[in-house]
Trainee: 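Submitted below is the structure of interest, expressed as structure tokens.
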2 protein chains.
Amino acid sequence: MRHGHKWGNKLRGCGFRLTIGREAIVDILSHTNSHMSAEDIFFALHADSPNIGLTTVYRTLELLEKNGIVSKYEFGHGRAKFELTEAYGNKPHHHHLICRKCGTIIDYSDFMEDELAYLKKTEAGLGKKYKFTIHQHSISFFGICEKCGAS
Amino acid sequence: MRHGHKWGNKLRGCGFRLTIGREAIVDILSHTNSHMSAEDIFFALHADSPNIGLTTVYRTLELLEKNGIVSKYEFGHGRAKFELTEAYGNKPHHHHLICRKCGTIIDYSDFMEDELAYLKKTEAGLGKKYKFTIHQHSISFFGICEKCGAS
DNA sequence: ATTGATAATGAAAACCATTTTCAATAAGGT
DNA sequence: ACCTTATTGAAAATGGTTTTCATTATCAAT
Ligand SMILES: [Mn+2]
Ligand SMILES: [Mn+2]
Ligand SMILES: [Zn+2]
Ligand SMILES: [Zn+2]
């Protein structure tokens, strides 16, 4: 449907327009469970919307990120990866395991209770000591995935 | 001194040669307490070693990283930053607070006991559940530093 | 010390993800 | 439908990093 999307309302509320391209891009993101690069999205888009340029994909992702609709990750394999945020997608709060060999990214939501306890204490302490206003945290583990074999 | 460096022995042991450039670069890194980009190092180098090219800086940093002598960080401000690792530098295990406005990076080593406890449990659990061999972790907090003012 | 195999280097060019430019187009309030 | 202006696509520019390649330096063997 053209109206009624939470993300659409958010953009509208900020004075941005709801365009075909933006809808198509959010649609791609909300129907995948992988982390896509701008180019990934551009190609996925080409099947149904061959007229949307890569430039628009980049611009849209930037807009969506600035409005808290997508998260941008730079895991170090050259290109940035994107996924809908918890608030606008369906994936719960999670972090990542990144394979150094094949680049596979595994989402995990385990031990979140422990994380919460640890973060709550740490963020409070750091914020106070360094007079730093923490907006978000990033926790990632790097190593070798099952398929690539341990070593 | 030309010989006797731990990092030099490490490289030697792996069949690499000890060159003027590599020494100068490690020297820069071991005499700073900030996180330097390849270009930062290149310019810092130019005072005493104006004949070392930026290409060599990049190549050396890659070599040092692959041998566990420096850590490479991509905090998302365009250029990668480097610092000596705990094993080869003098900075203890730490993580970072990154200001979204000015890019300032604050090292912190607080609450490491809590972190250790949290990580030990989490890494063990994740490794087992996802058959993933964890080599390293990354924990970072993003927000606004004192100078840039909270908002 | 000299030699020789080859690892390392600098300069310039290539690379490549992302950004900028700019004229054309489309969104949406009227 | 109309008008204002946000948005778009294509092409060019950007900028950090990598590659190429001919020259130089390291270091083990002599
Ligand atoms: Mn994810
Ligand atoms: Mn640091
Ligand atoms: Zn893998
Ligand atoms: Zn700041």
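Per chain, numbering begins at 1; letters A, B, ... match sequence-line order.
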Trainee: What's the NZ-P distance between B/K66 and C/dA8, to the nearest Å?
Mentor: 12 Å

Trainee: Nearest to the side chain of B/R17, which nucleotide is it out of C/dT6, C/dG28, C/dT18?
Mentor: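 Looking only at side-chain atoms, B/R17 lies closest to C/dT6.
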
Trainee: Can you check the B/N51 CG to C/dA8 C1' distance for me, whole Å?
Mentor: 14 Å

Trainee: Would you indicate, yes or no, if C/dT18 has its OP1 or OP2 atom less than 4.0 angstrom from a side-chain nitrogen or oxygen of A/T55?
Mentor: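 Checking A/T55 against C/dT18: no side-chain N or O falls below 4.0 Å of OP1 or OP2.
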
Trainee: Which class fits the ring pair B/H95 and B/Y108: parallel under 30°, tilted 30 to 60°, perpendicular over 60°?
Mentor: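 Taking B/Y108 first and then B/H95, their aromatic rings sit tilted (interplane angle of 30° to 60°).
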
Trainee: With a 6.0 Å cut-off on the ring centroids, do B/H135 and B/H137 count as close?
Mentor: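 Ring centres of B/H137 and B/H135 not closer than 6.0 Å.
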
Trainee: Can you check the B/K72 NZ to D/dT17 P distance for me, whole Å?
Mentor: 7 Å

Trainee: With under 30° as parallel and over 60° as perpendicular, where do the rings of A/F75 and A/Y73 fit, or are they tilted in between?
Mentor: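 Answer is parallel, since the angle falls under 30°.
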
Trainee: Does A/T104 reach the main-chain N or O of A/C99 with its side chain, forming a donor-acceptor pair under 3.5 Å?
Mentor: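 Pair absent, no side-chain N/O of A/T104 close to backbone of A/C99.
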
Trainee: Taking CD from A/E62 and C1' from C/dT20, how many angstroms apart are they, rounded to a whole number?
Mentor: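 Whole-Å distance recorded here is 12 Å.
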
Trainee: Take atom CD1 of B/I41 and atom C1' of D/dT17, then tell me their distance rounded to the nearest Å.
Mentor: 14 Å

Trainee: Taking only side-chain nitrogens and oxygens of A/R59, does any of them come within less than 4.0 Å of OP1 or OP2 of D/dA6?
Mentor: no

Trainee: May I ask you to verify if any side-chain N or O of A/Y58 is less than 4.0 angstrom from the OP1 or OP2 atom of C/dT18?
Mentor: yes

Trainee: Round to the nearest Å and state the distance from A/L63 atom CG to C/dT19 atom P.
Mentor: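 Result: 13 Å.
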
Trainee: For C/dA27, does either OP1 or OP2 sit under 4.0 Å from a side-chain N or O belonging to A/R12?
Mentor: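 For A/R12, the contact criterion (side-chain N or O under 4.0 Å from OP1 or OP2 of C/dA27) is not met.
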
Trainee: Expressed in angstrom and rounded to an integer, what is the separation of A/L54 atom CG from C/dT20 atom P?
Mentor: 14 Å

Trainee: Using the ring of each side chain (for Trp, its six-membered ring), is B/H46 parallel, tilted or perpendicular to B/F43, with breaks at 30° and 60°?
Mentor: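 Geometry flag for B/F43 against B/H46: perpendicular rings.
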
Trainee: Rounded off to whole Å, could you give me the CG-to-P distance for the B/L18 and C/dA8 pair?
Mentor: 10 Å

Trainee: Report the residue (B/R79 or A/G15) whose heavy-atom-nearest nucleotide on DNA chain D is the more 5′ of the two.
Mentor: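 Final value for this comparison: A/G15.
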
